[in-house]
**Q** 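Could you have a look at this structure, given as structure tokens, before my questions?
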Amino acid sequence: PVLPPGTPILFILDDGSESPLGFNYHLFDVSCLILGSPAYQGKFVIDGWQVRMKDVSQSPNDLPYRLTFDHAAVFNLSADGTLSKATVPEIHPSVSTRPGPTQCADLVTVPQNWLPQVDDSITALQIYR
């Protein structure tokens with residue numbers, strides 16, 4: 001997909017369910033390197049986005065608190081990998097809410113030689129797609 005710059009991808013999962021996407025740090029890296037936008041797993045609560053940590057959304061006392069985004073691509077994700085488009089609910093920021101990182105530079109370091117060349121005409125990304 002073509003995403004406007006600064007558009008995070010949010011995958012809503014139920015607490016306690018297995019994620020078909022694996023751990024968040026893998027998702028951050030892969031999403032930034034392939035799509036150019038960060039991706040998060042978690043859920044919405046009244047005052048923002050709770051990033052999923054260790055199969056459950058973080059507790060209110062865990063960093064990085066709740067996140068807000070000006071805009072995002074949002075999907076419901078089931079344990080079997082089924083995706084459905086979702087919308088961002090109305091958020092009421094609190095003292096535990098802060099703006100979420102929307103730029104890949106805030107999350108990962110992209111190597112200077114990315115995209116790796118397979119031969120003189122195609123890149124590894126083109127093979128992947």
Side-chain angles (χ1 to χ4, degrees):
V2 176
L3 299 169
T7 302
I9 305 163
L10 307 178
F11 294 100
I12 302 170
L13 294 110
D14 292 329
D15 282 342
S17 66
E18 289 287 326
S19 171
L21 301 176
F23 296 108
N24 270 327
Y25 60 91
H26 295 291
L27 183 61
F28 291 155
D29 292 348
V30 170
S31 181
C32 281
L33 292 172
I34 303 299
L35 301 174
S37 292
Y40 299 89
Q41 299 177 87
K43 69 178 182 180
F44 285 105
V45 291
I46 193 72
D47 59 349
W49 176 259
Q50 281 186 316
V51 175
R52 182 182 177 105
M53 301 176 76
K54 298 181 183 175
D55 297 330
V56 296
S57 295
Q58 67 192 38
S59 71
N61 296 322
D62 288 338
L63 294 175
Y65 306 110
R66 261 72 95 220
L67 305 176
T68 59
F69 302 98
D70 290 335
H71 57 279
V74 185
F75 301 93
N76 291 307
L77 177 63
S78 66
D80 67 2
T82 303
L83 279 178
S84 61
K85 189 144 177 61
T87 58
V88 177
E90 185 175 343
I91 300 294
H92 303 280
S94 71
V95 296
S96 298
T97 307
R98 68 177 181 89
T102 60
Q103 303 298 320
C104 288
D106 298 335
L107 301 171
V108 298
T109 301
V110 179
Q112 287 183 351
N113 64 345
W114 186 260
L115 298 165
Q117 293 292 317
V118 174
D119 64 27
D120 292 335
S121 63
I122 60 172
T123 66
L125 182 59
Q126 289 168 318
I127 290 174
Y128 174 77
R129 287 184 177 163

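Treat the numbers as computed from the prediction; the structure is a model and nothing was measured. Below, all heavy atoms of this structure are taken into account, side chains as well, without hydrogens, waters or symmetry copies.
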**Q** So which heavy atom on His71 is nearest to which on Pro8, and how close?
**A** O-CD, 3.3 Å

**Q** By side chain to side chain contact (heavy atoms under 4.5 Å, CB included), which residues pair with Pro4, not counting sequence neighbours?
**A** Thr7

**Q** When rounded to the nearest 0.5 angstrom, what is the spacing between CG in Leu21 and OG in Ser31?
**A** 10.0 Å

**Q** I need the Phe75 CZ to Thr87 OG1 distance, nearest 0.5 Å.
**A** 12.0 Å

**Q** With the side chain counted from C-beta on, respond yes when Phe44 and Leu10 share a heavy-atom pair under 4.5 Å apart, and no when they do not.
**A** yes

**Q** Hey, does Gln41 have a side-chain heavy atom less than 4.5 Å from the side chain of Val51?
**A** no

**Q** State which residues pass side chain to side chain donor-acceptor pair (under 3.5 Å) with Thr68; sequence neighbours excluded, sorted by chain then number.
**A** none

**Q** Kindly write out the residues that satisfy side chain to side chain contact (heavy atoms under 4.5 Å, CB included) with Ile46, not counting sequence neighbours, or none if the list is empty.
**A** His92

**Q** Just how far is it from atom OG1 of Thr97 to atom CG of Leu67, taken to the nearest 0.5 Å?
**A** 8.5 Å

**Q** Among Val74, Leu35, Leu27, whose side chain to side chain contact (heavy atoms under 4.5 Å, CB included) with Ile9 holds?
**A** Leu35

**Q** Thr82: what forms a side chain to side chain contact (heavy atoms under 4.5 Å, CB included) with it, not counting sequence neighbours?
**A** Ser78, Asp80

**Q** Look at the side-chain heavy atoms of Ile, Leu, Val, Met, Phe, Trp and Tyr, link any pair under 4.5 Å apart, and say whether Trp49 and Val45 land in one connected group.
**A** no

**Q** Would you call the rings of Phe69 and Tyr40 parallel, tilted or perpendicular if under 30° counts as parallel and over 60° as perpendicular?
**A** tilted

**Q** Once side chain to side chain contact (heavy atoms under 4.5 Å, CB included) is applied, do any residues pair with Ala79, and if so which ones, sequence neighbours excluded?
**A** none

**Q** Ignoring hydrogens, what is the shortest heavy-atom contact between Ile91 and Pro93? Give both atom names and the distance.
**A** O-CD, 3.4 Å

**Q** Given side chains that start at C-beta, do those of Pro38 and Cys32 come closer than 4.5 Å, heavy atoms only?
**A** yes

